[in-house]
Amino acid sequence: MPSAITPLLVQQPETVIPDQFFSLLREIWGFDNLRPSQHAAIGSILEGRDTLVVMPTGGGKSLCYQAPAIFRGGMTIVVSPLIALMKDQVDSLKQVGVNAIRIDSTLSASEKRDSANQIRSGQVRMLFVSPERLANQDFVRFLDGNDVHTIAIDEAHCVSQWGHDFRPEYRQLSSLRKLFPTAAMHGFTATATEKVRLDIIDQLGLKTPRVLVSSFDRPNLTYRVLPQLDVQDQIREVCERHRGSGGIIYCLRRKDVESVTEYLQRKGYSAVGYHAGMSHEERKLAQEAFLTEAVDVAVATVAFGMGIDRSNVRFVLHASIPKSIEHYQQETGRAGRDGLPAECVLFHSAGDAITLKKITEASLIEAGAREEILIASRNQIEEMSRYCRTPVCRHRALVEYFGQSYGNDSCSACDICLGDTDDVPDAKVVAQKILSCVFRVQERFGVNYVVEILLGAKTQMVLQRGHDKLSTYGLLKDIPKAQLRDWVYQLIGQGSLELEGTEYPILKLNANSKAILFGDGQPRLIRTVAASASKDRRQAAPSDAIAHADKALFEKLKAVRRKLASEQNVPPFVIFSDNVLFEMSAQRPSTPEGMLNVSGIGNVKLNAYGRTFLEAIQEHCSSASVEMDVNWKKDLIGQAVGKPRTVRLGPAGTKAISYPLLREGRPFEEIAEKAEITVGTVVSHLLDLMQDEAISSIDCWMAPEVQQRIIAAADIVGREKLKPIFEHLELSVPYEQIRLTLHFEKQQNP
Ligand code: ADP
C-alpha cells in the first residue's frame, strides 16, 4: 500500500478559497489572513479531498478543520485523544458562537442525552469525540443518518506504532470510514517522520490524499542543550529568567518531580508537581492550576502535557533526556504556541540515558512489545543522545531529522549559534588524549572508568589493575569530571568513538578515532561558557507587539482576562491569547473600531469583551497619562522611514519587516509599502524565504488560474528564459509572477 501513495511533498491545492470564507475568518476569529500552509490545507479540505496535514505545534492546525466546518455547514466529526483538549476547543468555539459539542466519558447521563438531542436536531456543526467512543457500537449506530461530510483526526500519529504515542483505540477509526463512505477524512499531526506519515495514510485508509508538510522549524523557540552539572541550580537559573511566566519542567522519575517541585517552592516559585503516582483528582487539580495560570510552573513526568493547551508557555525544560527526537519535538512544541518567543532547555547526562533505556524497556516488555519495538526504542534514545552531543545548530539538526533542509547559516536562537558554548581551542589534542586512553586500556572499559584514569583517580580498581602506571593516567586531571565525560560523549556523538554493548557499554576505537590519533581528523569539542556569563541568556528577538507594548497595561489586561476566565470557568487563553493582549497594550484602542484592528479580535469577541477591555485600557491610559490609539505597526515602519535616507534599512532590515508579513500571506503591495521597497524586491524576498522555509502554496498572492497559464506557457516555450513566457502570455502577466510560479514549481518538483 505505501508504495501507491502520493509523493510526500507539499502540494499545491487547486481550490480557490472564496471571499466569503475570509469574511467568516474576520468575523469569528478576527484574522485577516490565512498562513500559507493553512491556505493549502483549507483549500484541500474545502475541496473535500482526503488530506494529511503535518504542521508544527502553533502552526494553526485547529483553524484548518474548524473554519471549513463552519463554512460548509452540516456536521464535522473531530476525533481527539484527550478530553482536556476537546474541552478547550469546544469552549473556544462556544466563545465565538459556534455550536460545537463533545461526547466523552466525563459527561453525565443528562448531558449525554442533551448532546444526543442536539445532534438529532441537525444543529451541531462540530462534534468532538474520543477514539474510545467509536468502539461503542451503539454510539456509532447513533451517528448514522447524520450529514457528516468531514472527519478530522487530530494527533493522527497516534494511529501509528512507529509514532511516539501509539494508541490502539485509534485503529477503530476505520469504522467511521465505513459509516460515512462519502465523507472526506483528514489527519493532522505535528510530528511525523516519513515512515509515520505513510503508516498514518495506510492505517486511516486515506484515499489518494493530499499530503501537506510545513516547515518543522519553530523560529520563535530558542533551544539550549547543555550537560547536566548542578541540575537543581541549572533549573533554578532557567526559572529565574522566566519568573512570573508559565513553564513546564519534565523529569525522568516521580522522585525527581517531587524533589524539584519542593526545591522550587522553597525558592519562592509557584510550582506544582504532576506524575502518574498521584490520584486522578490530584492530577486534575494540578492541570487546572497550571491551565488557569494559578501556578506558573508544572513539574512533571512525560505524562503531563498532552492535555495542556496553554498557549503562553514561555519555557519547557527537560531535566533529563527525552525518549526520542519526536518526543522532544512534541514536548518542546508546547512552548510558545502563541508564536511569541519561548525557550526550551535540555540538561542531559549519560547516566540518565541509561536509566531511561532501562525504564522504557521494562515498560515495553511488560506491555508485551515485540523485539523490533524494543530495538527501535533503544535506537531512538541513542539518536536523542547524539542530538544532545553534536555541536550543530539545534534548529538545523531538528529540521534535518524530519527530512527537511535548513537554509540559514545561523539560527540566532540556540546554544550553539548564540555562543552559549565555546569551542575547545585544542580539541584535537584533548581528543587524542581521550582516544589514546581508550587504546591503552585495550578497549575493554566503559566511559566512567576511562574518565577516572584520565582524571588520575586513585580508586581501588584503578590501583589494583595497575592503570595508574599508564601514560594516560592523570593526563586531563585539571578538567572537571562532568565536562570530561561530556567530551567523551561528544566524540561518540560525532562518530569518532564507539560505545558497544547495552548492559555495560564499552568504548571502542573506529576508523575515525584512528585518523584523529594519527593527526588527520578534525574533532570539534565544545564547553559551556562560565556560569556568570550565562546568567544573561539571550532569546529569539521579541515580537514587535511585545517591544511596543505598555508592560504595566499588559499586566492589568492579564488580570482582567483571568477574572473573566474564572467567571466563565474557561482557561484564560480561550478569552484572548497573550498576543492579542500585547497588541492591545501596544495600540491602546479607545473605540470598538480600534479594537477590531487588533489581530485576533472579531465581532463576536468584540461584542462579548470589548467594553470590559476598553474600560481597562481607558482607565490605565488616563491615570498613567499614556497616549491612546497608537498606530504602532506604522510606527515600526516610521522609524525606518524616519531615518535619514542614507541610512535606509539594508536587506536584512527590510527582510525583518517583509518576512513576517509574507508568512502571513499579506499582499505584495502592502508589504512593499510597509518595508519601503519595490514589489519586485518583495518577490525576491519571498524567493529567498522559500529557500529556507517550505511554502506550501502561493495561492494567496496569485490566482491558481494564472499559475496554470504560466505553467502551460512554459511547457510550450521552455523555462530557460522568462521573456518568451511573458510574450506568449501576451504581456498580460508581470515578470514577478512568472518568476514566482516557476520558482514554486521547481520547489515542488526538485
Ligand atoms: P496548533 O493546533 O497547530 O498547535 P493552534 O491551532 O493552537 O496551533 O494555533 C496556534 C496559534 O496561532 C493560536 O494562538 C491561534 O489563535 C493562532 N492562529 C492560527 N491561525 C492564525 C491566523 N490565520 N492568523 C493569526 N493567528 C493565527
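We count ligands from 1, going down the list as the structure has it; atoms in each ligand are counted the same way.
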Is a donor from one side chain sitting under 3.5 angstrom from an acceptor on the other, for Ser160 and His157? no
Can you tell me if Asn579 and Ser577 form a side-chain donor-acceptor pair at under 3.5 Å?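 Absent: no donor and acceptor within the cut-off.
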Geometric N/O contact [X] with ligand 1, under 3.5 angstrom:
| X | answer |
| --- | --- |
| Ser62 | yes |
| Ser577 | no |
| Asp338 | no |
| Leu63 | no |

Using a strict 4.0 Å threshold on nitrogen-to-oxygen distance, state whether [X] and [Y] make a salt bridge.
| X | Y | result |
| --- | --- | --- |
| Glu664 | Arg35 | no |
| Asp104 | Arg133 | no |
| Arg314 | Glu343 | no |
| Arg167 | Glu155 | no |
| Arg102 | Asp91 | no |

Regarding atom 1 (P) of ligand 1: of the candidates Arg337, Arg663, Arg334, which has the closest heavy atom? Arg337
Counting the benzene-type ring for Trp, do Tyr387 and Tyr328 have ring centres under 6.0 Å apart?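 Yes, the ring of Tyr387 comes within the 6.0 Å limit of the ring of Tyr328, centre to centre.
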With a 4.0 Å cut-off on heavy atoms, is Gly59 in contact with ligand 1?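 Under 4.0 Å: yes for Gly59.
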With a 4.0 Å cut-off on heavy atoms, is Pro56 in contact with ligand 1?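 Flag set, Pro56 near ligand 1.
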Evaluate the ring planes of Phe582 and Phe554, with Trp represented by its six-membered ring, and classify them as parallel (under 30°), tilted (30 to 60°) or perpendicular (over 60°).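 Parallel, since the angle between the ring planes stays under 30°.
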Nearest protein heavy atom to [atom], by residue and atom, and its distance?
| atom | result |
| --- | --- |
| atom 18 (N) of ligand 1 | Arg35 NH2, 3.4 Å |
| atom 21 (C) of ligand 1 | Phe31 CE1, 3.4 Å |
| atom 20 (N) of ligand 1 | Gln38 NE2, 2.9 Å |
| atom 9 (O) of ligand 1 | Gly60 CA, 3.5 Å |

Do you know which two heavy atoms are closest between Ile575 and Tyr609, and how far apart they sit? CD1-OH, 3.5 Å
Closer than 4.0 Å to some heavy atom of Thr57 - which atoms of ligand 1 meet that?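 This gives 4 (O) as the contact atoms.
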One finds that the ligand 1 atoms under 4.0 Å from a non-hydrogen atom of Lys61 are 1 (P), 2 (O), 3 (O), 4 (O), 6 (O), 8 (O)
Between [X] and ligand 1, find which residue part has any heavy-atom pair under 4.0 Å and reply side chain, backbone, both or neither.
| X | value |
| --- | --- |
| Ser311 | neither |
| Glu664 | neither |
| Asn33 | backbone |

